[in-house]
Novice: 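Sharing a structure, written as structure tokens. Questions coming.
Positions are given from 1 along the sequence. Whatever order the structure lists ligands and atoms in, that order sets their numbers, starting from 1.
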Amino acid sequence: IRPTLAVVGATGVVGTVMLQILSQHADIWGEIRLIASPRSAGRKLAVRGEEVEVVALTEEAFDGVDVAMFDLPDELAAQWAPIAAAKGAVVVDNSGAFRMDPDVPLVVPEVNPHAIRVRPRGIIANPNCTTLSMIVALGALHAEFGLRELVVSAYQAVSGAGRAGVETLRQQLSLVAGTELGTHPGDIRRVVGDSTGPFPEPVALNVVPWAGSVREDGWSSEEMKVRDESRKILGLPRLPVAVTCVRVPVVTVHSLTVHARFEGEVTVDRAREILATTPGVVLFDNPAAGEFPTPADVVGTDPTWVGRVRRALDDPTALELFVCGDNLRKGAALNTAQIAELVAAEMA
Ligand code: 11C
């Protein structure tokens, strides 16, 4: 008997990509049940070529569910994931609610697949999209060279902030289209006014050095997540990690510059060999031919794309990289689906 899968938060931006992925991947599931807020109950969504009616999030909705992929806001996930687990489902949760719980594994199938086996709460956490956009490539380099330090700048797409983020950028772009905005200081702010949506500043024709909420000493929650989650996934609890998260006017695909320092000397040739042969990574790095990853080419694809591979000029133990990953696919829905598929394989 094939396992029953629930998709919880099926109508959100990540839920929508989950349904696309379930329609594209090998069909290993029996029933696929779509669950969302009562507001969305009764809507019909396409999955595996069929229209499936969305049911409201209730305890009964988890009856008979073997695996549940969750994409809900943190507070709702904190409330409902334990309920689904108590009803016997293995929950794969894409919120930030459980990632740093020592009784919840934080899994990237290409990096630490073994971690899924120990899950005393019946919950497996899926990392944040910014962490996921680089970690497959870094995991492979760490396995060979031994990572000692990370310095990261993340150029984050607006879809990381959900539908509201995408709608805000589109609305702001329509306000500035066909105008000569930018000629006079302050133009953008005057046109956009208070319509900054989930962002603290206008995001069209701008960059905003902020993502998430305020944490201690000037850090953002998003920056702390990338640090804490990278340490947990790589099994390096004291790894020095410095992150700056910046929102850019890109709809989907997070990009990152990475300075990675290793135990000993590294060579670009060996790093390129590793990146070119790691499953889930594409090396796209020939600047002379204009080849490096950009969100425009990476959007809609599964792998982590790496370009601009250089050895640090002043440190033979460090590499500089430019990395792009689709924040809705590997960054969210795809990694969640991959984990769910590993759990289903255990049940087979
Ligand atoms: C962003 N990465 O781009 C965030 C959104 O912990 O999963 C995802 C928040 C999370 O805004």
Novice: May I ask you to list the atoms of ligand 1 that are less than 4.0 angstrom from any heavy atom of Cys129?
Specialist: 2 (N), 3 (O), 4 (C), 5 (C), 8 (C)
Novice: Report the nearest protein non-hydrogen atom to atom 5 (C) of ligand 1: residue, atom name, distance rounded to 0.1 Å.
Specialist: Gly160 O, 2.9 Å
Novice: Using the six-membered ring wherever Trp is involved, compare the ring planes of Phe62 and Phe70 and label them parallel, tilted or perpendicular (cut-offs 30° and 60°).
Specialist: parallel
Novice: Does any donor atom in the side chain of Thr336 or Asn126 lie under 3.5 Å from an acceptor atom in the other side chain?
Specialist: yes
Novice: Give the atoms of ligand 1, by number and element, whose distance to some non-hydrogen atom of His254 is under 4.0 Å.
Specialist: 3 (O)
Novice: So if I count the atoms of ligand 1 from 1 in the order they appear, which ones are less than 4.0 Å from some heavy atom of Thr130?
Specialist: 2 (N)
Novice: For Arg99, take its heavy atoms, then give the atoms of ligand 1 lying under 4.0 Å from any of them.
Specialist: 6 (O), 7 (O), 10 (C)
Novice: Measure the shortest side-chain to side-chain distance between Ile124 and Val91 over non-hydrogen atoms and say whether it is less than 4.5 angstrom.
Specialist: no
Novice: Check if Ala211 has a non-hydrogen atom at a distance under 4.0 Å from any atom of ligand 1.
Specialist: no
Novice: Using a strict cut-off of less than 4.0 Å between a Lys/Arg side-chain nitrogen and an Asp/Glu carboxylate oxygen, indicate whether Glu50 and Arg48 qualify as a salt bridge.
Specialist: no
Novice: Which atoms of ligand 1 are found less than 4.0 Å from any heavy atom of Lys225?
Specialist: 6 (O), 9 (C), 10 (C)
Novice: Any side-chain heavy-atom pair from Arg329 and Gln20 closer than 4.5 angstrom?
Specialist: yes
